[in-house]
Protein chains: 2
Amino acid sequence: MDDGGTPVRAVRRRAGRPAAAVLDLSGITHAALELIGGKGYDGLTMAALARKLEVAPSALYNHVESKHDVLVLVEDHLMSLVDVSGFGAGPWEDAVRTWAWSYRDAFATHTPLIPVIAVLPVTDAPRTLAMYEVVSTGFRDAGIPEARVVPAIVALESFIFGSAYDVTAPANIFDPGNMAESTPGFTAAVRSFGDEQHERPADVAFGLGLEALIAGIGALRE
Amino acid sequence: MDDGGTPVRAVRRRAGRPAAAVLDLSGITHAALELIGGKGYDGLTMAALARKLEVAPSALYNHVESKHDVLVLVEDHLMSLVDVSGFGAGPWEDAVRTWAWSYRDAFATHTPLIPVIAVLPVTDAPRTLAMYEVVSTGFRDAGIPEARVVPAIVALESFIFGSAYDVTAPANIFDPGNMAESTPGFTAAVRSFGDEQHERPADVAFGLGLEALIAGIGALRE
DNA sequence: TCACTAAATGAATGCCGTTCATTTATTATC
DNA sequence: GATAATAAATGAACGGCATTCATTTAGTGA
């Protein structure tokens with residue numbers, strides 16, 4: 001596997017503008033995704049990105065203003081993996097389920113992007129905006145009062161972001177260890193949950209919360 | 001305001017163990033909170049922390065293993081601000097409301113801790129564990145089946161964490177800007193929401209989602 | 001008394017994102 | 001067609017970051 005550790009070019013490119021541009025936003029995005037796939041977000045550094053693209057680190061700054069821009073590129077790419085196909089093609093509840101599960105799954109392996117998305121003006125991410133257009137239209141057409149569409153989506157997204165973290169939590173996160181005696185109620189609850197689970201714990205919690213949100217928001221329809 | 005920029009000590013302490021210990025975990029925690037209060041999490045560096053405590057940066061490593069440990073100290077301190085007083089003192093729904101709103105508020109100004117909490121084994125944070133004990137007992141006593149207590153809490157927490165980010169989002173985050181024409185459904189929804197809001201937008205979304213979760217989880221009682 | 005441990009200093013390390021002067025090629029203008 | 005402006009690369013440098021380590025000094029237990 002190419003870890004981006006060693007440049008493959010035989011000869012160094014000499015200074016100055018090359019005949020054909022080496023870099024573009026799409027190439028930067030995909031190189032970033034490869035680095036993340038290999039070593040996670042720790043592996044995504046401007047130096048490693050430059051190495052993988054066989055340029056000097058400073059060359060990247062002709063195309064992005066900062067590393068934050070790179071994260072936005074990756075975020076907007078991932079957003080195109082979110083499945084909005086259910087809206088307008090069946091019951092609203094099913095569309096929301098498909099959307100929410102695919103949204104959580106897309107970002108569960110990209111949690112470092114969550115702080116970026118959560119406060120990112122939609123203008124900066126065209127595919128993200130396109131996703132909102134489909135979803136908000138789907139909510140309106142399902143009968144959600146227009147003034148409630150945005151808060152309903154925000155509530156669902158907040159739940160999705162938090163749940164994406166949960167997927168990455170270690171299996172023993174709730175093991176009270178040697179504190180078990182002083183926390184009998186919690187310890188019993190953790191045991192009882194562990195005993196009867198078939199699905200992944202994170203999936204049980206996500207399913208439970210999602211169905212509650214769908215029911216509560218669905219009740220707003222008129 | 002003390003920004004921790006300049007050490008106040010007149011004379012340098014000479015090398016070697018001092019007669020009385022200068023540092024302890026509580027002092028480190030409170031100095032960290034002061035730094036965060038002043039300049040946010042960008043201001044929380046090991047060097048700034050050392051400056052505020054009037055020690056060399058390396059001295060901190062006699063008390064914590066890494067900066068991550070400092071974040072855990074802060075996290076566990078904040079968890080004691082979460083209001084669990086409602087459990088056992090009135091209706092379950094009211095207890096959950098009090099708990100959830102105070103939990104979200106405690107971490108809305110500390111979102112960089114969320115990636116830390118979300119994957120932190122409870123053993124490492126005694127106050128966090130104590131909070132779970134009260135909440136899980138409250139859920140069980142309210143009639144939530146024992147095997148559902150943990151996923152119910154996890155679902156609520158996921159929503160709370162995501163919502164904490166939402167509080168910090170810029171006011172114009174949903175302004176579609178010059179893309180408004182291509183996203184008419186979303187643009188109309190954003191307008192309609194903006195027109196009639198009285199509360200803070202983040203509070204409307206949080207209230208909506210929280211009531212849905214309370215209703216859905218409450219329906220599990222037997 | 002003496003070894004061991006705890007807690008401080010201060011110097012050094014390697015990595016990080018970013019900036020800037022410089023070089024070269026393309027594009028736009030007269 | 002010359003010339004100016006712009007775009008895209010290199011390579012050297014910067015300050016800041018968390019962390020490590022040798023060293024010094026003081027308290028502690030055998």
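So that the names make sense, note that chain A is the first sequence line, chain B the second, and so on, each numbered from 1.
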Whole angstrom value for the distance that separates [atom2] of [N] from [atom1] of [X]:
X	N	atom1	atom2	result
B:L44	D:dG16	CG	C1'	14 Å
B:Y41	D:dC17	OH	C1'	18 Å
B:H63	D:dT19	NE2	C1'	16 Å
B:K39	D:dG16	NZ	C1'	13 Å
B:D24	C:dA8	CG	C1'	15 Å
B:L60	D:dC17	CG	P	14 Å

Could you list, one pair per line, each protein nitrogen or oxygen that sits under 3.5 Å from a nitrogen or oxygen of nucleotides 3-6 of chain C, together with the distance?
| unit_1 | atom_1 | unit_2 | atom_2 | d |
| --- | --- | --- | --- | --- |
| C:dA6 | N3 | B:R17 | NH1 | 3.4 |

For B:R104, which residues count as a side-chain hydrogen bond (donor to acceptor under 3.5 Å, both in side chains) partner, sequence neighbours excluded? B:D203
Restricting to side chain to side chain contact (heavy atoms under 4.5 Å, CB included), what partner residues turn up for A:A50, sequence neighbours left out? A:V55, A:P57, A:L60
Is it true that a side-chain atom of A:K67 and a backbone atom of A:L44 form a donor plus acceptor pair closer than 3.5 Å? yes
Test ring pair (Phe, Tyr, Trp, His ring centres under 6.0 Å) applied to A:H63 - qualifying residues, sequence neighbours left out: none
Using the ring of each side chain (for Trp, its six-membered ring), is A:F87 parallel, tilted or perpendicular to A:F139, with breaks at 30° and 60°? tilted
Find out whether A:I160 and A:F107 are in side-chain contact, i.e. whether some heavy atom of one side chain is under 4.5 Å from a heavy atom of the other. no
Could you tabulate the donor-acceptor pairs under 3.5 Å formed by side-chain atoms of residues 161-171 of chain A, not counting sequence neighbours?
| unit_1 | atom_1 | unit_2 | atom_2 | d |
| --- | --- | --- | --- | --- |
| A:S163 | OG | A:F159 | O | 2.7 |
| A:Y165 | OH | B:Y165 | OH | 2.9 |
| A:T168 | OG1 | A:Y165 | O | 2.7 |

List, with names and distances, any nitrogen or oxygen atoms from the protein found under 3.5 Å away from nitrogen or oxygen atoms belonging to nucleotides 18-20 of chain C.
| unit_1 | atom_1 | unit_2 | atom_2 | d |
| --- | --- | --- | --- | --- |
| C:dT18 | OP2 | A:Y61 | OH | 2.9 |
| C:dT18 | OP2 | A:K67 | N | 2.7 |
| C:dT18 | O5' | A:Y61 | OH | 3.4 |

Can you find an N or O donor on one side and an acceptor on the other, under 3.5 Å apart, linking the side chain of B:N62 with the base of C:dA8? yes
OP1 or OP2 of D:dT10 less than 4.0 angstrom from a side-chain nitrogen or oxygen of A:R13, does that happen here? yes
